[in-house]
Amino acid sequence: MISFIGRSIVQKTVTLFFVSVVSFLIIYLAPGKPSQIDPMNPKFTPEMVERFRKQFHLDEPLHVQYLLFYRDLFTGRTVSWKDNQPVLGKIWDRFLNSLPLFIVGTILTWTLSFPVGIRSAIFRGSTFDRGSTFVAYFLISIPGFFFAYLLIILVVTQLHVPVIGMQTFGLGDTSPVHMVMDRIWHLVIPSVLGATGGIAVLSRYVRGQMLEVEGQDYVRTARAKGLPSEEVHYRHALRNALLPFVTMFGLILPGLIGGSVIIESIFSWPGMGRMAYEAILARDYPIILTVNFLSAVLVLIGTFVSDVLYMAVDPRIRL
Amino acid sequence: MNKNILLSVDDLKVYFRGADGRASKAVDGVSYDIRREETVCLVGESGCGKTVSALSILGLIPQPPGEIVGGRILFDGRDLLPLTDEEMQRIRGNRVAMVFQEPLTSLNPVFKIGDQIAESIRIHRKIDADAQRQRCIQLLEDVGIASAEERLNAYPHQLSGGQRQRVMIAMALSCNPELVIADEPTTALDVTVQAQILKLFKVLQQKHNMAVLYITHDLGVVSAVADRVYVMYAGIIVEQGQTAQIFREPQHPYTRGLLSSLPTRSKRGQRLYSIAGSVPDPAHKPVGCPFHPRCPHAVQTCRERFPKMCDYGKGHLARCPVLYTNRNETA
Ligand SMILES: Nc1ncnc2c1ncn2[C@@H]1O[C@H](COP(=O)(O)OP(=O)(O)OP(=O)(O)O)[C@@H](O)[C@H]1O
Ligand code: SF4
Ligand SMILES: [Mg+2]
């Protein structure tokens, strides 16, 4: 166990190093320049461009730029080229905005997909199974932005509930209860929308996994022992069907820093996804690289968590 | 009805509906009896419907695609087929237990074997956890697993094939069933382990006074364990009788074919005989005697009429009217 942890940390550090090099190269070698140093940009005089190049170390050789960038990142001195704000602070603010969406979305996804998928598998071919299959494929095939507008029309015109932004504009000094309710209402529609695709896909996957396990010999053995069908399904079958999802559980982590550009744009939600998108358009390298680095870290932590969880739940795996 | 008969399968028909809507007649009118404390062998080539007929007894046929089309399964005088699943749960593992062919896939990989054995005791007997544990240890010792107490905490993948099958047997015996169905329990094991498991079966059967329905395609195993034998071919019984009758005076061409494909000392060095052709697909069975495409004695009537059982006396029956008349004519 200890040796497994040690090995993991070494392996993952090496991987992280390669990720940092490759992502740095890709971004610097991609065509296009940050607007501040673009000679075609009429807003900047050649002297200003020269100053920016110096400030951003753009005239140094690539490997020096690389070292300078990651030195600044680890000492927390990286600033956005666009507004000179510290990158980590900007990301943290946006992260806090995205977090509620992420949490509500994830909870919705995981708490709905499993009961639906498991029930469909156990009562295969039933009305419930066929109904949920239809809804799942419907949700998978309908484009998210289109579905979003349908929902907005419905919710705003029928329920008179506010949906755009994180809170209703100009809601200065109302009671705290009212404020909280307002925030929650703003949260509901984007989270539900963000979760639908996930619910549809995950519930199909759960169903497939459960069906496969239900056909295994040990499930037949469990029935042959005279166990009641609840115990057969929810103890013998489910325990095995859940194993692959334990791996997925660790992989939720990177979602923390993702955020959906489309949903955030439609709902004017100032989250991570939009920030990253805008940074790419502005070629704000420090933001892009930092977000990229942080998500790599989260992916690696996520896979590590998955491995440990897998070991905990599957007795056949000893690392 | 004979009080001594524990299980009586009567004209059982189990069909599987295929994707093309055709019924695959896996078991097509099978009857057999098992007396108390008797070992009965069901023997036949792969695919002839042995497992399906055994699973029907416990109500474990997956429905759909399976369907029990007709017949009765009388256990201790009561028909099991109309029972609800809850009523069957009280019989499964308690009065009738089953040992499966593949011990590796038949044990749940994520539970300790102690828990898997204790489970059926917990369901069927009202005893506390400590008594359950003692019973598990006792059972593991009975089936010959060393250091039983430690082994309770082992997972299936930590045991050898033979040990896993011993665990399956312990599981089956846990509630002292009156009938144990063993579906090719040694097929997945190597030969020496096979012999040990067969011996274990005999010992346990005498100790626990249970009846055993032993399913196999191996006639060598039959001669080692069976009191009586039913030979199955393509979903029907083609011959039945005492083990000695079947081995000394086989009356059906299929049984004779099976016996001449057995390696024996007198045939050492010769090429082994094997029956030409293969078992028909249960969705496309030949009309008349299902064995006729492979039968050296087949005549025209065999291709037209389904053969009836012919009585050779003392419980020895064979489904081949052609050989029956030949014998009576030459006699
Ligand atoms: N779940 C199922 N779905 C469809 N057909 C089935 C199913 N189970 C069994 N069958 C059919 O029933 C027939 C008999 O199968 P069965 O398993 O009883 O054979 P068997 O005599 O036990 O053979 P083996 O020695 O290979 O175990 C097979 O030909 C198969 O086509
Ligand atoms: S009835 Fe005919 S085909 Fe069938 S076993 Fe007898 S001789 Fe062969
Ligand atoms: Mg079988």
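We name chains A, B, ... by the order of the sequence lines, and we start the count at 1 in each one. We use all heavy atoms of the structure for the numbers below, so side chains are in, but hydrogens, waters and symmetry mates are not.
The stretch residues 115-130 of chain A participates, sequence neighbours left out, in these salt bridge (Lys or Arg N to Asp or Glu O under 4.0 Å) pairs: A:D129-A:R207.
The candidate from A:V313, A:N240, A:D314 with the greatest count of non-hydrogen atom pairs under 4.5 Å with chain B is A:N240. Interface remark: of the candidates B:I181, B:I91, B:T105, B:T105 forms the most heavy-atom pairs closer than 4.5 Å to chain A. For chain A, the option among B:M98, B:E119, B:E102 with the highest count of heavy-atom pairs below 4.5 Å is B:E119.
Taking a 6.0 Å sphere around CZ of A:F128, one finds it holds more than 12 heavy atoms contributed by other residues, nucleotides or ligands. Around the CD1 atom of A:I262, the shell of radius 6.0 Å holds no more than 12 heavy atoms that belong to other residues, nucleotides or ligands. Within 6.0 Å of the CZ atom in B:R125, the count of heavy atoms belonging to other residues, nucleotides or ligands exceeds 12. The environment of A:F74 atom CZ is dense: over 12 non-hydrogen atoms of other residues, nucleotides or ligands sit within 6.0 angstrom. Applying the 6.0 Å contact sphere to CZ of B:R72 captures no more than 12 heavy atoms from other residues, nucleotides or ligands. The environment of CD in B:Q158 is crowded: more than 12 heavy-atom neighbours from other residues, nucleotides or ligands sit within 6.0 Å. Around OH of A:Y137, the count of heavy atoms belonging to other residues, nucleotides or ligands within 6.0 Å does not exceed 12.
A 4.5 Å side-chain heavy-atom check between B:M171 and A:K225 finds at least one atom pair inside the cut-off. Annotation: side chain of B:L107 is not in contact with side chain of A:D217 (no heavy-atom distance under 4.5 Å).
Note that the CG atom of B:L58 and the CZ atom of A:R220 stand 10.5 Å from one another [nearest 0.5 Å]. How far CZ of B:R122 is from CG of A:L227: 7.0 Å, rounded to the nearest 0.5 Å.
Contact of B:M168 with chain A is made through the side chain alone, with heavy-atom distances under 4.5 Å. In this structure, the portions of B:Q116 lying under 4.5 Å from any heavy atom of chain A include both its backbone and its side chain.
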From CA spacing to verdict: side-chain contact (heavy atoms from CB on, under 4.5 Å), B:Y155, A:R316: CA-CA 8 Å; B:Y155 287 95; A:R316 285 165 295 186; over 6 Å; no
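A donor-acceptor pair under 3.5 Å links the side-chain atoms of A:T221 to the main chain of B:S106, judged by distance alone.
Listed here is the closest heavy atom pair of A:P315 and B:P109: CG-O, 3.4 Å. For the pair B:F111 and A:R235, the tightest heavy-atom approach, listed with the atom from each and the gap, is CZ-O, 3.7 Å. Residues B:I123 and A:P228 share a closest heavy-atom pair of CD1-CD, 3.7 Å.
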